[in-house]
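Written out below as structure tokens is the structure these notes cover.
Excluded from the calculations below are hydrogen atoms, water molecules and symmetry mates; all remaining heavy atoms, backbone and side chain alike, are included. Numbers here are sequence positions counted from 1.
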Amino acid sequence: MKERLDDQTMALRVAKEFQDGMIINLGFGIPTLAANFIPEGIEVMFHAENGCLGYGPMPTRVEDEDFHLVNATGQFATRKPGMCFFDHAESFTMIRGRHIDLCVLGAMQVSEKGDIANWTIQLGRLGNIGGAMDLAFGSHHLIAVMTHTTKNNEPKLLKECTYPLTAPHCVDLIVTDISVIEVTPDGLLLKETAPGWTAADVQALTGPKLIISKNLKQMEL
């Protein structure tokens with residue numbers, strides 16, 4: 001049966017990219033949910049621009065909720081042994097010094113060249129780019145996670161982004177509710193499809209022509 005993945009399942013798929021020892025920054029929205037799906041047997045540390053390193057998943061008990069400790073989405077987070085706090089200057093020094101192994105950002109649009117637009121649909125309107133610009137360039141690896149299309153079923157993977165860019169040429173991997181796509185020098189490489197979806201289904205909802213991987217497979221969730 002062909003169904004789109006929900007936010008939690010997209011976050012689960014993103015977390016499968018985590019590797020032992022990584023320092024990871026999770027952006028607003030779906031990315032923060034990935035903190036709840038760390039694969040068994042690995043240890044990662046989550047960094048936040050507001051000045052902390054080593055926070056854990058969202059608490060499951062009310063008594064563990066701390067108003068002063070929230071993730072990028074504003075949800076409660078938990079403390080882990082060794083967690084530390086610091087100011088914005090140190091936090092952005094970590095980012096610009098390329099000490100973040102992986103960043104996961106939500107996206108409004110991604111181009112076939114790996115450009116990302118994730119903060120506003122029109123210049124001049126209220127919006128806040130936050131630390132995304134720094135993270136896009138400062139992280140060693142960037143995953144964009146989003147629904148594959150808009151609510152009107154228009155493609156969000158495009159030849160060129162039409163919204164103001166957060167950063168150009170920075171996305172390495174795209175996880176959507178129907179696919180996993182790698183950004184390569186030759187274009188967008190379709191590597192995985194959601195259960196029930198075919199490469200033709202994904203192509204029909206994608207702007208650029210996709211390159212179909214010889215090892216195309218169904219997502220393992």
When clusters are formed by joining ILVMFWY residues with side-chain heavy atoms under 4.5 Å apart, either directly or through shared neighbours, do Leu135 and Phe92 land in the same one?
yes
On a heavy-atom basis, the closest approach of Ala144 and Val171 is CB-CG1, 4.0 Å
Co-membership, hydrophobic cluster, residues Ile116 and Val145, 4.5 Å side-chain:
no
Does any part of the side chain of Phe28, heavy atoms only, come nearer than 4.5 Å to the side chain of Asn71, both counted from C-beta?
no
Gap separating the OG1 atom of Thr206 from the CD1 atom of Ile181, nearest 0.5 angstrom
5.0 Å
Look only at the side chain of Thr93 and the backbone of Ala89, and say whether a donor-acceptor pair between them is shorter than 3.5 Å.
yes
How would you list, by chain and number, every residue that makes a side chain to side chain donor-acceptor pair (under 3.5 Å) with His140, sequence neighbours excluded?
Arg98
List the residues meeting side-chain contact (heavy atoms from CB on, under 4.5 Å) with Lys209, not counting sequence neighbours, and say none if there are none.
Gln203
Output side-chain donor-acceptor pairs under 3.5 Å for residues 153-166, partner residues at least two apart or in another chain, one line each.
residue : atom : partner : partner atom : Å
Asn153  : OD1  : Arg4    : NH2          : 3.2
Asn153  : OD1  : Thr149  : OG1          : 3.2
Lys156  : NZ   : Thr147  : OG1          : 2.9
Lys159  : NZ   : Glu112  : OE2          : 3.0
Glu160  : OE1  : Lys113  : NZ           : 3.3
Glu160  : OE2  : Lys113  : NZ           : 2.9
Thr162  : OG1  : Gln109  : OE1          : 3.4
Thr162  : OG1  : Gln109  : NE2          : 2.8
Thr166  : OG1  : Asn118  : N            : 3.0
Thr166  : OG1  : Asn118  : OD1          : 2.6

Looking at Asn152, is its backbone amide N or carbonyl O close enough to the side chain of Thr150 to form a donor-acceptor pair, meaning the two atoms are under 3.5 Å apart?
yes
Is there side-chain contact between Arg96 and Asp134, with at least one heavy-atom pair below 4.5 Å?
yes
Which heavy atom of Gly27 sits nearest a heavy atom of Ala72, and at what distance?
C-CB, 3.8 Å
Quick check on the hydrophobic clustering: are Leu33 and Ile143 connected, directly or via other members, by side-chain heavy-atom contacts under 4.5 Å?
no
Residues pairing under side chain to side chain donor-acceptor pair (under 3.5 Å) where one sits in residues 20-34, two or more places apart or in two chains, turn out to be Asn25-His47, Asn25-Glu49, Thr32-Thr73, Thr32-Gln75
Over 12 foreign heavy atoms within 6.0 Å of CE, Met133:
no
Check whether any side-chain heavy atom of Trp197 sits under 4.5 Å from a side-chain heavy atom of Pro195, and report yes or no.
no
Measure the spacing between CD1 of Ile100 and CD1 of Ile24 and express it to the nearest 0.5 Å.
10.0 Å
Show the atom names and distances, to 0.1 Å, of all donor-acceptor pairs under 3.5 Å that link a side chain in residues 210-221 to residues at least two apart or in another chain.
residue : atom : partner : partner atom : Å
Ser213  : OG   : Asn215  : N            : 3.0

Between Met10 and Leu26, is there a shared hydrophobic cluster once you connect ILVMFWY residues whose side-chain heavy atoms come closer than 4.5 Å?
yes
What pairs with Asp64 under salt bridge (Lys or Arg N to Asp or Glu O under 4.0 Å), at least two apart in sequence or on another chain?
Arg61
Closest non-hydrogen contact found for Val110 with Ala107 is CG2-CB, 3.9 Å
Could you check whether any side-chain N or O of Ser139 sits under 3.5 Å from a backbone N or O of His141, counting only pairs where one atom can act as donor and the other as acceptor?
no
With sequence neighbours left out, the residues meeting side chain to side chain donor-acceptor pair (under 3.5 Å) with Asp101 are none
Output all residues satisfying side-chain contact (heavy atoms from CB on, under 4.5 Å) with Glu3, sequence neighbours left out; order by chain, then residue number.
Met1
Please determine whether residues Met22 and Leu173 belong to a single hydrophobic cluster, defined as Ile, Leu, Val, Met, Phe, Trp and Tyr linked transitively by side-chain heavy-atom distances below 4.5 Å.
yes
Check the pair Ile174, Met146 against side-chain contact (heavy atoms from CB on, under 4.5 Å), reporting the backbone distance first and the verdict last.
CA-CA 8 Å; Ile174 307 161; Met146 62 182 187; 4.2 Å; yes
Do Thr193 and Leu190 have side chains that approach each other closer than 4.5 Å (heavy atoms only, starting at C-beta)?
yes
Using only atom types and a distance under 3.5 Å, with no angle test, would you say the side chain of Thr78 pairs donor to acceptor with the backbone of Pro57?
yes
Under the 3.5 angstrom rule, does the side chain of Thr184 hit a backbone N or O of Leu188 as a donor-acceptor pair?
no
Which donor-acceptor pairs under 3.5 Å do the side chains of residues 34-46 make with protein atoms, sequence neighbours left out?
residue : atom : partner : partner atom : Å
Asn36   : OD1  : Met58   : N            : 3.2
Glu43   : OE2  : Lys80   : NZ           : 3.3

Side chains of Asn50 and Ser91: closer than 4.5 Å at any heavy-atom pair?
no
Inter-residue atom distance His169.NE2 - Phe137.CZ, 0.5 Å rounding
8.5 Å
Just grab all the salt bridge (Lys or Arg N to Asp or Glu O under 4.0 Å) pairs involving residues 183-195, residues at least two apart or on different chains.
Arg13-Glu192, Glu182-Lys191
Who are the side chain to side chain donor-acceptor pair (under 3.5 Å) partners of Asp7, not counting sequence neighbours?
none
Over all atoms of both residues, closest heavy-atom pair of Pro31 and Gly106:
CG-N, 3.4 Å
Contacts of type side chain to side chain donor-acceptor pair (under 3.5 Å), residue Asp66, not counting sequence neighbours
Arg79
Interatomic distance, Ile23 atom CD1 to Ile95 atom CD1 [nearest 0.5 angstrom]:
12.5 Å
Please assess Trp119 against Met108 for the test side-chain contact (heavy atoms from CB on, under 4.5 Å), listing each intermediate value before the final yes or no.
CA-CA 8 Å; Trp119 68 286; Met108 296 175 179; 5.8 Å; no
